[in-house]
> 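My questions all concern the structure below.
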Amino acid sequence: MTNAFAARLTDAVPRPAVRVQRQTRSSLIALVISVALLAAVASMPLWASQGLIRDVVELCCYITVAQMWNLLAGYGGLVSVGQQAFVGTAAYAMFIMAQLWGLSPFLAMPLSVIAPAILAALTYGLLHRLDGPYFAIGTWVVAEVMRLATSVFSYVNAGAGMSLRVMSSYTPTERAIGISVLAALMLLVAVGGSYLLLRSRYGLALVAMRDNPIAAASQGVNVGLLKFLIWVAAAVGTGLAGAIYFMAQLRITPPAAYSPTWANVAIFIVMVGGLGSLEGVLIGALVYFVADRLFGQYGATYLVVLGLLTLVMALFARGGLWGLIQKATNASWFPTRRTLLEDPR
C-alpha cells in the first residue's frame with residue numbers, strides 16, 4: 001500500500017467532530033445563584049439587621065482574602081504568610097484619607113488600594129529572590145515591619161489606633177447601604193474577576209506556570225512578569241478586603257490590622273475548601289465562618305482543632321472538600337478548563 005493510497009483511505013474514514021465545552025448545567029445554575037446572592041448582599045439594608053449585615057460583610061472579606069491567597073499559592077506558586085501586611089496598609093490608608101485628609105470614606109476606600117499595590121511592587125524586588133519557605137518567611141517579615149512601623153508612627157496615633165469618627169456624619173442606614181454595596185462589588189471583583197482571568201489565555205499561562213514553570217517558560221510564558229502581576233493583584237484584592245472590613249468596624253489598631261489571623265484564616269479556608277479552585281474558597285469560607293460562630297468561644301482549643309483539620313486535609317484530601325464533592329458528583333460550578341467532547345452531530 002503506497003503512502004498516497006493510505007492517505008486517501010484515511011481521509012475517507014469519517015472522523016468524529018469534537019467541540020470544546022466550557023459551560024455545564026451546574027455552572028449555569030451556579031451563575032444564577034451567584035447573581036441572586038450578590039443582589040441579596042447589596043440589598044441587605046432593606047431586609048437584614050445591623051448584626052447580620054456586619055456578619056455578612058465579614059464573610060465577604062474572608063472570601064476575598066482567601067481567594068487572593070488561592071491565586072497566589074494555587075496558581076502563582078507563591079506561598080505567603082504575610083498577607084496581613086496589605087490588609088493593614090490599605091485600611092490605614094483609608095483611615096488617613098478619610099479621617100485626617102477629609103475625603104469621603106466611600107471615596108477613600110477604593111483609593112486606598114493604591115497603598116498595598118505600591119508596597120507589593122516595592123517588596124517583590126526583594127522577595128522574588130527567595131524561594132519556597134524563605135519566600136513565606138520574607139512575607140511574614142514584611143508584615144511585622146509594617147506592624148512595628150505603624151505602632152510607633154505618631155501621625156496615625158501609634159499603637160493607640162484610630163477611630164473613623166467621620167462616619168458619624170452619615171446615618172446608620174446610609175452607612176449600611178454603602179458597606180453592603182461595597183461588599184457586593186468586592187465579591188464581584190474578587191470571585192468574578194478571578195473566574196474571568198482563569199478562563200482567559202492568561203489563566204492558561206497561570207495553570208501552565210503552576211504545573212511546570214520551566215516548561216511554561218519554554219513555551220513563551222513570561223514567568224517572572226506573571227508572578228509579579230499576580231502578586232500585586234493579590235495585594236490589591238487583599239487590601240480592598242481590609243479597607244472594607246475596618247470601615248465596617250469603625251476602629252483600627254496595629255495589632256488588629258496586621259494580625260497573623262488574616263493569613264491563618266486564608267490558609268485554612270483554601271486548604272480545607274480546595275486549593276486551586278474557586279468553589280473550594282466559597283465552601284471553605286462557609287466552613288470557617290460557621291465554625292467560628294459556633295466554637296470561637298473555646299479559644300486556643302478551637303484554633304488547635306482548626307489547625308489539625310487543615311493538616312488532615314493536606315495529607316489525605318489534597319483537593320479539599322470541593323475535591324471530594326467533585327469525585328462524587330463530577331460537577332463544576334465555575335469551570336475554568338476546556339474539555340474536548342465528541343459532537344454527536
Side-chain angles (χ1 to χ4, degrees), residues 33-70 83-84 87-88 90-91 94-95 105-106 109 161 163-164 167-168 170-192 237-253 255-257 259-270 272-273 278-299 301-303 305-306 309 321:
I33 295 175
S34 299
V35 172
L37 289 176
L38 286 175
V41 171
S43 63
M44 283 191 298
L46 301 177
W47 55 270
S49 64
Q50 290 293 330
L52 181 59
I53 292 175
R54 194 161 43 248
D55 287 344
V56 172
V57 169
E58 183 177 347
L59 175 60
C60 293
C61 292
Y62 289 154
I63 291 174
T64 301
V65 173
Q67 177 54 32
M68 295 303 101
W69 193 88
N70 187 38
Q83 291 303 97
Q84 61 270 22
V87 171
M94 187 271 294
F95 270 67
F106 299 104
M109 194 282 302
S163 296
L164 199 61
M167 290 291 282
S168 62
Y170 299 92
T171 66
T173 301
E174 291 173 337
R175 293 200 298 265
I177 292 173
I179 293 290
S180 300
V181 171
L182 287 174
L185 291 175
M186 176 180 64
L187 277 185
L188 181 62
V189 171
V191 180
T238 303
L240 181 63
I244 291 178
Y245 178 85
F246 285 101
M247 175 186 283
Q249 299 295 318
L250 301 178
R251 172 120 184 113
I252 190 171
T253 61
S259 172
T261 301
W262 287 104
N264 297 339
V265 168
I267 294 172
F268 172 83
I269 288 173
V270 174
V272 171
L278 298 177
E279 299 90 344
V281 170
L282 300 177
I283 293 172
L286 286 174
V287 170
Y288 173 78
F289 185 77
V290 172
D292 183 63
R293 291 302 183 271
L294 294 179
F295 309 111
Q297 68 269 23
Y298 294 104
T301 304
Y302 155 71
L303 296 177
V305 172
L306 291 184
L309 179 58
L321 294 176

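When a residue number appears, it is its place in the shown sequence, counting from 1.
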> Can you confirm if the aromatic rings of F95 and F246 lie within a centre distance of less than 6.0 Å?
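Between F246 and F95, the centre distance exceeds or equals 6.0 Å.
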
> Considering only heavy atoms from C-beta outward, does the side chain of Y245 approach that of V87 to under 4.5 Å?
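Y245 vs V87: side chains apart.
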
> Side chains of S163 and R251, heavy atoms from C-beta outward: is any pair under 4.5 Å?
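Yes - at least one pair of side-chain heavy atoms lies under 4.5 Å apart.
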
> Taking the side chain as C-beta and beyond, is there a heavy-atom pair between V265 and V65 under 4.5 Å?
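Sidechains of V65 and V265: no contact.
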
> Sort and list the pairs that fulfil salt bridge (Lys or Arg N to Asp or Glu O under 4.0 Å) and have at least one residue in residues 170-189, not counting sequence neighbours.
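Listed by first then second residue: nothing to list.
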
> With side chains defined as the heavy atoms from C-beta onward, is the minimum distance between W69 and W262 less than 4.5 Å?
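Result no, sub-4.5 Å side-chain heavy-atom pair not found.
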
> Would you name the heavy atoms of A243 and M109 that are closest together and state the gap between them?
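Heavy atoms only, the tightest pair is CB-CG, 4.0 Å.
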
> Taking only residues at least two apart or on different chains, which pairs with a member in residues 36-53 satisfy side chain to side chain donor-acceptor pair (under 3.5 Å)?
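Output for this query lists S43-W47.
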
> Between M68 and L240, is any pair of side-chain heavy atoms under 4.5 Å apart?
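They are not in side-chain contact.
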
> Name all residues meeting the ring-ring contact (aromatic ring centres under 6.0 Å, His included) criterion together with Y170; count only those two or more places apart in sequence or in a different chain, and write none if there are none.
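By the ring-ring contact (aromatic ring centres under 6.0 Å, His included) rule, Y170 matches F106.
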
> Side chains of L182 and M247: does their closest heavy-atom pair fall under 4.5 Å?
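Side chain of L182 against side chain of M247, heavy atoms only: contact under 4.5 Å found.
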
> Can you confirm whether L164 sits close enough to M94 that some side-chain heavy atom of one is under 4.5 Å from a side-chain heavy atom of the other?
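Yes, at least one pair of side-chain atoms sits under 4.5 Å.
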
